[in-house]
Amino acid sequence: MTLKVYNTLTRKKEVFVPIEKGKVRMYVCGPTVYNYIHIGNARPAVVFDTARRYFEFRGYNVNYVSNFTDVDDRLIHASQERHQSVPEIANQFIKAFLADVGALNVKKATINPRATETMPEIIAFIGKLIDTGFAYAADGDVYYRTRKFKDYGKLSHQSVDDLKSGARIEIGENKEDPLDFALWKAAKPGEIKWASPWGEGRPGWHIECSAMVEKYLGETIDIHAGGTDLVFPHHENEIAQSEALHHCAMAHYWLHNGHIQINNEKMSKSIGNVILVHDLIKKYDPLVVRFFILTVQYRHPINFSDELLNDAVQAFGRLKTVFYNLDHRLKDFAGQTDGFDEKMESYRVRFIEAMDDDFNTANAISVLFDIAKDANIALQSADTKPALLFSYRQILFELSDVLGLKLEDQTESILDSDVEAMIEKREAARRDKQFALADVIRDQLKKAGIVLEDTPQGVRWKRGRE
RNA sequence: GGCGGCAUAGCCAAGCGGUAAGGCGCGGGUCUGCAAAACCCUUAUCCCCGGUUCGAUUCCGGGUGUCGCCUCCA
């Protein structure tokens, strides 16, 4: 079985062959930390985290680098508006980013380099581009000479001449050509700045990624990923910068996730429909959000709406319920699975086939539901062997973990003693066939958020809404 | 104008040459003291028109619709 990934560069699914056996070097463009992240930022974080988990599941050692852009125009604007320094704002939202993404069960990156901590490498990189004639300084700015890079446009599949119409020169810029882009921007009075051979200023947006990839992962990496909007110009420019200097491919595979829409509209500030993860996870279980994102193949657009999210609540709940019910039956079971089990292996194989196909999480999730169905059937019979139930539990645990979906929920394991007393009181009432009393107690508990379910193996409870 | 994606049941979403996975929802049933959970049954010929083929949702051509990139953007 071979893993295939869709490469934007070739517009084809290609067999993944790592540079170094057993290792994956991947770089995912991270956020500009001037605000809380929105769900559009969450998608690459979740899908590429899932890719990373899958690589690890398949035995690869993954070096996962994702940057923080902690200085740029938007941060400077935010700084002026709030009368806070750029680093203060950046630190605040880096912290918020890590919290949000942590709630979505995104594993920590191997490293999250910051632009401001990569300044020597950035400046050196620009210097070399000037030395080789790919860049030029002009009044304190430095620009990349786009037309000099012969492969320009190969990622976005655009010719330089087609791009020309969209390019423009802002007032105050001193570009030789409208297509050129900034590597270094001279500081205006009062702006945060760093010293450089071309005067005080700050890096352009694209150069930090080129410098960081080189610094942390090397001249050629396996995977470079980000949102589809980054194909042009961001990643195109990164290629121009890095490959002009290194004369080798910057990345073998370029992966891009599709965008999120809100009620079938583009999410944008002007429409006013931007949803922050910070707010969304107050309303929905963050894992439901993750689950929802993974129900769609990562390259396709996803529409967000309360209706769709509520469907996801139900669907994910089904998975959690079966897992919980398995645990309920296995409370006193300390044994093992039956060992090698053909059926469990067949689930695993189907899961791998799905994920091998460019991380088809939608199909991978359908395997989870098939396991759930079979496990539920096994659960129906009172004399199913615990070892079999345990096998179901294990395979569900193993595969859902690859997707970063935690089916176990620690918060459900603790029950107040008075609630326990009420459950016992109801059990006594049921034994005495005082069903009216039993039902009253059950209603009371339900209002307190505890839902009871009577099973042949005793009463089972879970937390519910209202 | 250049480049690209998408169009599958009420909704979401896989499949991509051999008459349609999965989930949510609806309806019917089973189990239950009643519920809940669960299980069973039920819910589609895949935007339209041509073409290739023994055979197309799946390939090719042409439409229509829709979304996106080309300017900061995940």
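Letters A, B, ... mirror the listed sequences (proteins, then strands); counts begin at 1. Atom set for the values below is all heavy atoms of this structure, side chains included, hydrogens, waters and symmetry mates excluded.
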>> Regarding A:Lys283 and A:Asp306, does a basic nitrogen lie under 4.0 Å from an acidic carboxylate oxygen?
In response: yes

>> So if I take every side-chain heavy atom of A:Phe369 and compare against B:rG22, B:rC3, B:rA37, which nucleotide ends up nearest?
In response: B:rG22

> Between atom CG in A:Asp370 and atom P in B:rA14, what is the gap in whole Å?
Replying inline: 16 Å

> When we call it a touch if two heavy atoms are under 4.0 Å apart, what does A:Val231 touch: a base, just sugar-phosphate, or nothing?
Replying inline: nothing

> Whole Å only: how far is the CZ atom of A:Phe232 from the P atom of B:rC72?
Replying inline: 9 Å

>> Which residue in the set A:Tyr144, A:Phe149, A:Tyr143 passes ring pair (Phe, Tyr, Trp, His ring centres under 6.0 Å) when paired with A:Phe181?
In response: A:Tyr144

>> Rounded to whole Å, how long is the line connecting atom CG of A:Asn376 with atom P of B:rG23?
In response: 11 Å

> Given the P atoms of B:rC46 and B:rC11, what is the spacing between them in whole Å?
Replying inline: 15 Å

> Does A:Asp439 pair with A:Arg426 as a salt bridge, N-O distance under 4.0 Å?
Replying inline: no

> Given B:rG68, is OP1 or OP2 found less than 4.0 Å from the side-chain N or O atoms of A:His256?
Replying inline: no

> Does A:Asp141 come within less than 4.0 Å of A:Lys175, counting only side-chain N to carboxylate O?
Replying inline: no

> What is the distance from CG of A:Asp374 to P of B:rG22, rounded to the nearest Å?
Replying inline: 11 Å

> Rounding to a whole Å, what distance do you find between A:Phe351:CZ and B:rG22:C1'?
Replying inline: 14 Å

> Does the ring of A:His259 meet both stacking tests against the six-membered base ring of B:rA74: centre distance under 5.5 Å and plane angle under 30°?
Replying inline: yes

>> What is the distance, to the nearest angstrom, from the CG atom on A:Asp443 to the C1' atom on B:rG33?
In response: 15 Å

>> So, does A:Lys446 get its side chain near the phosphate of B:rA36, meaning an N or O under 4.0 Å from OP1 or OP2?
In response: no

>> Nearest to the A:Arg74 side chain among B:rA74, B:rC24, B:rG33, which nucleotide is it?
In response: B:rA74

>> On the nucleotide B:rG4, are OP1 or OP2 found under 4.0 Å from the side-chain N or O atoms that A:Arg11 carries?
In response: yes

> Nearest of B:rG33, B:rA14, B:rA38 to any side-chain atom of A:Asp454?
Replying inline: B:rG33

> Nearest of B:rA14, B:rG23, B:rG22 to any side-chain atom of A:Ser366?
Replying inline: B:rG22

> Does A:Phe397 have A:Arg393 sitting over its ring (NZ/CZ under 6.0 Å from centre, angle to axis within 45°)?
Replying inline: yes

> How long is the line joining CD1 of A:Ile365 and P of B:rG23, in whole Å?
Replying inline: 12 Å

>> What is the distance, to the nearest angstrom, from the CG atom on A:Leu368 to the C1' atom on B:rA14?
In response: 15 Å

